[in-house]
Amino acid sequence: AGGKFEQKKPSIEVLPDECLFEIFRRLPGGQERSTCACVSKRWLTLVSNICRDEISDNKTPQASDLEHENADKKGGVSSEDVDSDVEGDGYLSRSLDGKKATDIRLASIAVGTASRGGLGKLFIRGSKSRHGVTTVGLRAISRGCPSLRVLSLWNLSSVGDEGLCEIANGCHQLEKLDLCHCPSITDKSLLAVAKGCPNLTDLTIEGCANIGNEGLQAIARSCPNLKSVSIKDCPLVGDQGVASLLSSASYSLTKVKLQALNITDVSLAVIGHYGKAVTDLSLTSLPNVSEKGFWVMGNGHGLQKLKSFTVTSCRGATDSGLEAVGKGCPNLKQLCLSKCPFLSDKGLSSLAKAAGSLECLQLEECHRISQFGFFCSLINCGAKLKVISFANCLGIKDLNSGLPPLSPCESLRYLSIHNCPGFGDASLFALGKLCPQLQHVELCGLHGITDAGVLPLLESCETGLLKVNLSGCVNLSDKVVQTISNLHGWTLELLNLDGCKISDASLVAIAENCQLLTDLDISKCTITDSGIAALAHFNPINLQILSVSGCSMVSDKSLPSLGKLGETLLGLNLQQCKAISSRAVELLTEQLWRCDILF
């Protein structure tokens, strides 16, 4: 025909999908099927749609018996045993983010992991791409990865009930399910999960507007081993759903996190009565919960095992409500209160007395708490308190008069005061007398403190400080650093002086005394090349992290010193050091190949 000829497709490509499917499912092992899947997207799609129970054993009975007999003689295992053992373990983990989250990649994962140990964990973070994950991709996972135990789906608007139902029907070993911002998933999916995945232990639902009480009730009925529940910003979830979960898993549920839900005092009452195994409880932004809810929860006598309690932006967290919680939770060790506008000094003091086992107390943006409340909580918390942290509490003002004689808090090891503008020297002086066993001190953004307040605190610490953070305390000078170096240099591991009024004299003191120091931040300080040279001069110093960000007087002359320090450095911050040239940084990067340099 004019010298032209028709190019024919390979004969196997002419076969319909049904025939190819039958061929693929009769292949002897996972490696062979995985190899075929690499030929084309069509073959990949077909192979990924083969369920494990559809894989045919193409050996004759005699051949199979002979293989087992030979395997027994050799003391080994047959290929069938290898497939069933390797493919069922499910120890592999895969993660797809953004544009990489597609059905084709999921199909590849389903086929590729089957012969390499089986997929155990799958994390998918979607994007707005038109080629995102759909039911097709999840169907491939459900058919090829029966060993899946952990599934996390984030920002997947294209995934609906059909896809998650596929997972529930094929992945019966699922233990952890995380659904975040999946608007097309409804109660129907949770009904399927409840039916198909009875081993579920962890459930996280966030921003799923179409999941409500019916789905949670189904999980409660069918998943008796539930240990952790986190529900956030789901407007259809109410008291019925939460109550079902708590009452059905009374002896297994250990962690409960509820945020931005339309629940009322009823849910808290159920938690207080049925939360017999709960050790961690977090309540955030619950506008319909009142003081009564907290009071009833505390008096329900069910939270005997509660160890960690976090309350954020709950108007019901008042003095009497939180005191009841303190009395009703004898094993409470960690208490975090944030944005509680109705908590006063009296309530905090009573709570501290009631919670006799408290080890950690953290307050943030509780503006009715004053200096009186701070010291009362410190004194009343008992002999077990190890950590106290106050942040952004604007009601705190410095002491106008001295405190009456008080017994010291020997157990306190960690003191953190962040951005409480009224905290001043008088308060620090009192703390020095009360807390002689401190090991970690964080005083950040406190413009009202000076050397006069910090020095007595440093001098009173008897055991040696490990970590000191004074960032943003703009009125502290070299004298403080010299005192830290002299008294605590033998134990000090971290020192943050970001924004303090220190000079090269401080670096000389650090270099001479702080041989265990691994992390030093001297950003925005008035140090020069001489100070950096002093640090490098003393060989025993073993710095791993050094930040000199914003130090305008550190120049290219420090290159040799930084190079010497770089023998141990893993991280170096040179950002906003305007006197250091790009060429110097390039040379330093070549020399310090194992150090991460920010410039």
Side-chain angles (χ1 to χ4, degrees), residues 202 204 227-230 232 246 253-259 268 271-272 275-286 289 293-294 297-298 300-314 316-319 321-340 343 347-366 369 373-393 409-418 420 434-435 437-442 444 466-467 469:
D202 291 59
T204 299
K227 296 179 180 179
S228 174
V229 171
S230 176
K232 176 182 177 182
L246 266 295
L253 197 57
T254 59
K255 295 182 179 180
V256 178
K257 182 177 181 181
L258 306 175
Q259 181 173 350
L268 266 65
I271 293 173
K276 301 183 186 300
V278 174
T279 58
D280 296 80
L281 176 60
S282 176
L283 305 174
T284 302
S285 300
L286 304 177
V289 173
F294 282 90
M297 182 175 69
H301 305 295
L303 295 174
Q304 299 295 306
K305 293 185 178 181
L306 187 66
K307 295 181 179 180
S308 176
F309 185 38
T310 299
V311 182
T312 304
S313 299
C314 291
T318 62
D319 291 349
L322 291 175
E323 182 181 359
V325 172
K327 290 180 179 179
C329 306
N331 292 302
L332 188 63
K333 297 183 183 300
Q334 180 173 340
L335 178 61
C336 304
L337 304 175
S338 177
K339 299 179 182 178
C340 297
L343 177 64
L348 183 60
S349 179
S350 300
L351 174 60
K353 283 183 179 180
S357 299
L358 203 62
E359 296 180 0
C360 175
L361 175 62
Q362 296 176 283
L363 266 71
E364 183 175 359
E365 293 189 43
C366 295
I369 302 300
F374 172 83
F375 280 99
C376 283
S377 63
L378 185 63
I379 297 164
N380 293 332
C381 271
K384 296 183 179 180
L385 187 66
K386 297 178 181 179
V387 177
I388 190 166
S389 174
F390 277 56
N392 300 301
C393 294
C409 183
E410 298 280 354
S411 60
L412 196 70
R413 298 291 184 271
Y414 187 108
L415 171 68
S416 177
I417 311 294
H418 278 245
C420 297
L434 287 175
C435 310
Q437 302 298 320
L438 286 175
Q439 295 178 345
H440 301 249
V441 173
E442 289 190 10
C444 302
L466 299 176
K467 298 181 180 181
N469 185 350

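Remember, it's a predicted structure, so these values are computed and weren't measured experimentally. Atom set for the values below is all heavy atoms of this structure, side chains included, hydrogens, waters and symmetry mates excluded.
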Q: Is a donor on one side and an acceptor on the other found under 3.5 Å between the side chain of T279 and the backbone of K307?
A: no

Q: Could you tell me whether the side chain of T204 and the main chain of S230 form a donor-acceptor pair under 3.5 Å?
A: no

Q: For a 4.5 angstrom cut-off between non-hydrogen side-chain atoms, does V325 reach V311?
A: no

Q: With D280 as reference, evaluate K305, K257, K255 under the side chain to side chain contact (heavy atoms under 4.5 Å, CB included) test and give the passing residue.
A: K255

Q: So K467 and E442, do their side chains get closer than 4.5 Å, heavy atoms only?
A: no

Q: Are the side chains of F294 and C314 in contact, using a 4.5 Å heavy-atom criterion?
A: yes

Q: Let me confirm one number: the CZ-CG distance from F309 to L322, rounded to the nearest 0.5 Å.
A: 6.5 Å

Q: Grab the two heavy atoms, one from C366 and one from K339, that are nearest each other, plus how far apart they are.
A: SG-N, 4.2 Å

Q: Is any side-chain heavy atom of M297 less than 4.5 Å from a side-chain heavy atom of L283?
A: yes

Q: Can you tell me how far SG of C340 sits from CG of L363, rounded to the nearest 0.5 angstrom?
A: 7.5 Å

Q: Could you tell me if the side chain of D319 sits less than 4.5 Å from the side chain of L343, heavy atoms only?
A: yes

Q: Identify the residue among T284, I271, L268 that makes a side chain to side chain contact (heavy atoms under 4.5 Å, CB included) with L258.
A: I271

Q: Enter the distance from L378:CG to L348:CG here, rounded to the nearest 0.5 Å.
A: 10.5 Å

Q: Do Q304 and P330 have side chains that approach each other closer than 4.5 Å (heavy atoms only, starting at C-beta)?
A: yes

Q: Has K276 got more than 12 heavy atoms of other residues, nucleotides or ligands less than 6.0 Å from its NZ?
A: yes

Q: Check whether S411 reaches the backbone of A383 with its side chain - one donor and one acceptor, N or O, closer than 3.5 Å.
A: yes

Q: Can you confirm whether K327 is buried at NZ, in the sense that more than 12 heavy atoms of other residues, nucleotides or ligands lie under 6.0 Å from that atom?
A: no

Q: With rounding to the nearest 0.5 angstrom, report the CG to CG distance, L438 to L466.
A: 11.0 Å

Q: With a 4.5 Å cut-off on side-chain heavy atoms, are I369 and S377 touching?
A: no

Q: Kindly compute the distance separating OH (Y414) from CG (L385), expressed to the nearest 0.5 Å.
A: 13.0 Å

